[in-house]
Amino acid sequence: MYEDELIFLEKTASIDIFEYSEQGIKTILDSPKHYDHGLMIRAAKLSREGFYSLIKYNSSYMLLVPLAKDKGLILSPKIDSLNNSESSFSNIDFINHSTSLAKLAYFLYTKESAPNWNLVIYNLNEISDPVQQVQPMKNLHNFHRYANKMVDYFAQLDEKKFKIYINKMKSCQVFGDALTTSNVIRGEKDILIDIISKLTDRSEKEGLPFEKVVFIQSVSIQKIELQANILNFNG
């Protein structure tokens, strides 16, 4: 383990690094002032060899890096560095660099090249509360109703009402499992493609040339389809 390099990674990336195993959770470097031991144990149970796992909980994230069966690392944004105004930006930065952080932490701990594993995403809140699964379709209907309103006010250049309906869409908490229980990523892509289609169809009605509409729509959909994961879906 390159301890000095791991300490540097903690400081530069503003993260805390923990080790999980059958014996529980422990810090391997500088001890943070506080952390939720029980929450990390629940998250660690979702870890699978062959994947890096991004775990969403409450308003933050944890990154799981398996090292062996029932053993690995947990990377988490420093709690002390997050406040109400900075948390969303810190989370976006952590999400966008999650695969790179996972590989770097793996290498610094094991002194071996990190595997090119895919990143999978879990929502710990949804996993821990199966009762919520009766709601997605209602939320999905509201989501598309708000999306249509958002498109209307976008076309009218009404920025105030446009933002109102963007926030209403976010409040629905619609994820991919609202469309399919077998493939969360597929469901998220379908939702994004539907929004792109609504916007481009309305743009054509408002006078944008058909050729430009087709080009924008095809390029946007292609970018969505080529993504292995839809990171930060709400954002």
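Along the sequence shown, residues are numbered consecutively beginning with 1.
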Visitor: For Lys149, enumerate each residue passing the salt bridge (Lys or Arg N to Asp or Glu O under 4.0 Å) test, keeping only those at least two apart in sequence or located in another chain.
Guide: none
Visitor: Between side-chain atoms of residues 205-217 and protein atoms elsewhere (two or more places apart, or another chain), which donor-acceptor pairs fall under 3.5 Å?
Guide:
from: Glu206; atom 1: OE2; to: Arg202; atom 2: NE; distance (Å): 3.1
from: Gln217; atom 1: NE2; to: Thr200; atom 2: OG1; distance (Å): 2.6

Visitor: To the closest 0.5 Å, what do you measure between CD1 (Ile7) and CD1 (Ile17)?
Guide: 9.5 Å
Visitor: State the CG-CZ distance between Leu119 and Phe51, to the nearest 0.5 angstrom.
Guide: 10.5 Å
Visitor: Got a sec, which residues hit side-chain hydrogen bond (donor to acceptor under 3.5 Å, both in side chains) with Ser53, two or more places apart in sequence or on another chain?
Guide: none
Visitor: Quick check: do Tyr61 and Ser98 have side-chain heavy atoms less than 4.5 Å from each other?
Guide: no
Visitor: When you compare the side chain of Tyr122 with that of Val120, does any pair of heavy atoms fall below 4.5 Å?
Guide: yes
Visitor: List in chain and number order the residues that pass salt bridge (Lys or Arg N to Asp or Glu O under 4.0 Å) with Lys45, two or more places apart in sequence or in another chain; answer none if no residue qualifies.
Guide: none
Visitor: To the nearest 0.5 Å, how far apart are CG in Leu104 and CG in Leu75?
Guide: 9.0 Å
Visitor: Go through the structure and list residues passing side-chain hydrogen bond (donor to acceptor under 3.5 Å, both in side chains) with Ser197, not counting sequence neighbours.
Guide: none
Visitor: Who passes salt bridge (Lys or Arg N to Asp or Glu O under 4.0 Å) against Glu159, sequence neighbours left out?
Guide: Lys163
Visitor: May I have the step-by-step check of side-chain contact (heavy atoms from CB on, under 4.5 Å) for Asp158 and Asp152, ending in yes or no?
Guide: CA-CA 9 Å; Asp158 189 330; Asp152 288 340; over 6 Å; no
Visitor: Let me confirm one number: the CG-CZ distance from Leu157 to Phe162, rounded to the nearest 0.5 Å.
Guide: 10.5 Å
Visitor: Looking at CG of Leu64 and CD1 of Ile74, how far apart are the two atoms once the value is rounded to the nearest 0.5 Å?
Guide: 5.5 Å
Visitor: Taking side-chain contact (heavy atoms from CB on, under 4.5 Å) as the definition, give me every residue that meets it alongside Leu199, ordered by chain and number, with sequence neighbours left out.
Guide: Met150, Val151, Phe154, Ile195
Visitor: Should Lys56 and Ile121 count as side-chain neighbours, where that means a heavy-atom distance under 4.5 Å?
Guide: no
Visitor: Please enumerate all residues that pass side-chain hydrogen bond (donor to acceptor under 3.5 Å, both in side chains) together with Glu22, with sequence neighbours excluded.
Guide: none
Visitor: Could you list the residues that satisfy side-chain hydrogen bond (donor to acceptor under 3.5 Å, both in side chains) with Tyr52, not counting sequence neighbours?
Guide: none
Visitor: Calculate, to the nearest 0.5 Å, the distance between atoms OH and CD belonging to Tyr109 and Glu19 respectively.
Guide: 3.5 Å
Visitor: Could you list the cluster mates of Phe8? Members are the ILVMFWY residues connected by side-chain heavy atoms closer than 4.5 Å, either directly or through other members.
Guide: none
Visitor: Measure across Ser220 and Ile196 and return the closest heavy-atom pair with its distance rounded to 0.1 Å.
Guide: CB-CG2, 3.9 Å
Visitor: Output all residues satisfying side-chain contact (heavy atoms from CB on, under 4.5 Å) with Glu112, sequence neighbours left out; order by chain, then residue number.
Guide: Tyr106, Thr110
Visitor: Taking side chain as C-beta onward, heavy atoms only, is Met40 less than 4.5 Å from Tyr20?
Guide: no
